[in-house]
Amino acid sequence: MRELLQKLAGVYGPSGNEEPIRDAIQKEIEDHVDEFYTDVMGNLIAVKKGKGGGKRVLLAAHMDQIGLMVTHIDDKGFLRFAALGGISVANSICRRVIFRNGITGVIGYETEVESWKDITLAKMYIDIGASGKEEAESQIKIGDVAVYHSPFSANNDKYMGGAMDDRAGCALLVETIKSLESTPNDLYFVFTTQEEVGLRGAKTSAYALEPDLGISVDVTITGDTPKAKPMAVSLGEGPAIKIKDASILAHPKVKELMVGTAKKHGIPYQLEILEFGGTDSGAIHLSRGGVPSGVLSIPCRYVHSDSETIDANDLKNGVKLLVKILEGEINF
Ligand code: ZN
Ligand code: CO
């Protein structure tokens, strides 16, 4: 899976600009599904038909990544930007970024600030090395979006790089599609858009597909680094089954289905309570009259930085668990 993850994590695709990553995912899955299409919101929906008598299951992973949208270009050619999703000051200072056309830049800040605490995104800018406004404008337009630019690397079973959130989830779904042998359930794999700006692709696709249940796959933070806030999730101890985040209380039956399947097949798992943030299931479970929903989370350190770090075994075990869940009969 390393190769697949490395490939997907390296493709450009901030919220609202998902075409490149959508094309890349489509190429991976097109020979392995019964049908696929892109909807109005840009979601890529891939269908795998069941043998009959099963449930309609929506599986979601978001394609989009956080980014920096250019709002202003000054006379010297420096670009001001607005956050597209959860861009923080701390994770941005002097980081390299790249635009869709391959232009790279560095995120700088107004160094006259008295203290680090005074730095806000409004005091930061992107330096693309332009000699002035004209040169900058010949390469970048207002509204263009940059993403963190950092190499993918691997050691000690850990994968590090940008956009693990949520290309790790996309890779997990792609691998699940390829691994599934037969299922009674009709499966709708949705690679969603605009999660990072408010779960928007998930919202419309859940409404259109009317699933019997929904499971989204996304990263979650961990409590396993020095003096981290206590949290019962660590890298390498298995995929996490969500109990709660700020967007959802997982449906007890979906949670039980996930835990029960993990136990039955001896797949390691952890239970996750995330005190802030949310993911696609937050929108899916509120669709129409409500959809029983849960989340399979991939533990990840340094979320929303250019060096998000996950464990290869959590990814593998996540695929195993999801395949077992989907191949079985779902009785509720
Ligand atoms: Zn995410
Ligand atoms: Co995110």
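We count ligands from 1, going down the list as the structure has it; atoms in each ligand are counted the same way. Side chains included, hydrogens not; waters and symmetry mates left out as well; all remaining heavy atoms used. Throughout, residue positions are numbered sequentially from 1 according to the sequence presented.
- With 2.8 Å as the limit, Glu196 counts as an N, O or S neighbour of the Co ion (ligand 2).
- In terms of distance to the Zn ion (ligand 1), the nearest N, O or S atom of Asp165 is named OD1.
- Checked against the Co ion (ligand 2), the N, O or S atom of Asp165 at the shortest distance is OD2.
- Within 6.0 Å of the CZ atom in Arg96, the count of heavy atoms belonging to other residues, nucleotides or ligands does not exceed 12.
- In this structure, Arg2 forms no cation-pi arrangement with Tyr159, as its terminal cationic atom is not both closer than 6.0 Å to the ring centre and no more than 45° off the ring axis.
- For Asp166, every N, O or S atom stays at 2.8 Å or more from the Co ion (ligand 2).
- The closest side-chain donor-acceptor pair between Glu272 and Ser297 falls under 3.5 angstrom.
- A donor and an acceptor atom, one from each side chain of Asn43 and Thr192, are nowhere located under 3.5 Å apart.
- Asp165 and His304 are linked by a side-chain donor-acceptor pair at a separation below 3.5 angstrom, with hydrogens and angles left out of the test.
- The OD2 atom of Asp218 and the NE2 atom of His62 subtend an angle of 90° at the Zn ion (ligand 1), given to the nearest 10 degrees.
- Per residue His304, closest N, O or S atom to the Co ion (ligand 2): atom name NE2.
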